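Working notes for the structure below.
Computed from a predicted model, the values in this text were never measured in an experiment. Quick note: numbers below take in every heavy atom, side chains included, and nothing from hydrogens, waters or symmetry partners.
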2 protein chains.
Amino acid sequence: MEQIGKRMTKQKKVILDILRHTRSHPTADWIYAQARKVLPDISLGTVYRNLGVLRDAGEIMELNYGSTYSRYDGNPENHYHFVCLHCGRIVDLDMPLHKDLEREAEACGGGRILYHRLEFYGICPECNDQKEH
Amino acid sequence: MEQIGKRMTKQKKVILDILRHTRSHPTADWIYAQARKVLPDISLGTVYRNLGVLRDAGEIMELNYGSTYSRYDGNPENHYHFVCLHCGRIVDLDMPLHKDLEREAEACGGGRILYHRLEFYGICPECNDQKEH
DNA sequence: GTAGTTGCAAACTTTTTGCTACCCA
DNA sequence: TGGGTAGCAAAAAGTTTGCAACTAC
């Protein structure tokens, strides 16, 4: 069995499973609600603790895009996001990484760069359509 | 006098002045501490309210880079940042904007893109030196 | 068996808000 | 003068933590 952290508990397994099977970028609260459908007694504290463990293990990513709360991404590979300013939706972009930006930034006063994050903000097609009707 | 929001109060003026005269990217609490040196009776709620007004007016930027709290940037022009993973410092990069990334992202599934944000994470020169000694 | 993890609830941190008094235009 | 804003303090919102009980290995 896949080993993440010191013990693979059913709680940790369920949380990871939820994150790996959604394309949305859910909040801790949403993950908690989903997890309770499988484990009705799971607590929000456990969800937060396991999200921290999974993040530290590099299995998931924590995103803070201008909100007071975090969102989590089950895809730990670096990739870019589109954030809709109208509905708040976060969408993965199928766009190649630009590692060359890191070399450029190092030359422009950054230190030793390990990774970068890139997000695009705008209006998603769905919200754009709504406005027109 | 410069008009931002409906009324230019001395509190708003002091907060904007603090942000325009620092190269750091301070937290609301730090701004509050600085403002109290000029206006001892200013309250933290007023600091937050004015930061919101200034942000909505496009005079400053609010940054949430992986922390539980926001930082504020007195430069409202889009620019890129370097975040030190060791000391938490945020540094402005003197690096040209890549507007072409927005066109690329629109072609890769983003909606109508209005702006983008790019941050680089790594170890700043100061922290790198410390580790070597 | 035992150290790591859970559930629970209380605590904590950051930000927001309701209200009355105040003050800028 | 009148409505936007301030100060104050309480509340909200999201996250973390202490502890006894439980459980994965």
Query raised in the report: What's the closest nucleotide to the B:Gln11 side chain, out of C:dA25, D:dG7, C:dG7?
Result: D:dG7
Query raised in the report: Rounded to whole angstroms, how far apart are NZ on A:Lys13 and P on D:dT23?
Result: 15 Å
Report summary line: Picking from D:dG4, C:dC8, C:dT14, the nucleotide nearest the side-chain atoms of A:Ser43 would be C:dC8
Query raised in the report: Does some side-chain heavy atom of A:His25 sit less than 4.5 Å from a side-chain heavy atom of A:Met61?
Result: no
**Report entry** C:dG7 base / A:Arg49 side chain donor-acceptor hit below 3.5 Å
**Finding:** yes
Query raised in the report: Looking at B:Arg103 and B:Glu106, does any basic side-chain N land under 4.0 Å from a carboxylate oxygen?
Result: no
Requested in this report: Give a yes or no on this: more than 12 heavy atoms of other residues, nucleotides or ligands lie within 6.0 Å of atom CG of A:Asp94.
Outcome: no
Report summary line: Testing C:dA25, C:dT5, D:dG7 for proximity to the side chain of B:Met8, the answer is C:dA25
Report summary line: The residue, B:Ile4 or A:Lys10, whose nearest nucleotide of DNA chain D is more 5′ is B:Ile4
Requested in this report: Name the closest nucleotide to the A:Arg7 side chain, picking from C:dC8, D:dG7, D:dC25.
Outcome: D:dC25
Query raised in the report: According to a strict under-4.0 Å criterion, is B:Thr68 in side-chain N/O contact with OP1 or OP2 of C:dT13?
Result: no
Report summary line: Comparing nearest nucleotides in DNA chain C, the 5'-proximal residue of the pair B:Thr46, A:Val53 is A:Val53
Requested in this report: Report which part of the nucleic acid B:Ser70 touches: base, sugar-phosphate, or nothing (heavy-atom distance under 4.0 Å, all strands).
Outcome: sugar-phosphate
Report task. Decide yes or no for A:Lys6 and A:Val53: does some side-chain heavy atom of the first lie under 4.5 Å from some side-chain heavy atom of the second? Result -> no
Query - Closest listed nucleotide, where the reference is the side chain of A:Tyr48 and the choices are D:dG14, D:dG7, D:dC25 - result: D:dG14
Query raised in the report: Just checking A:Ile42: base, sugar-phosphate only, or nothing, at a heavy-atom cut-off of under 4.0 Å?
Result: sugar-phosphate
Query raised in the report: Contact class for A:Asn50 vs. all strands (heavy atom < 4.0 Å): base, sugar-phosphate, or nothing?
Result: sugar-phosphate
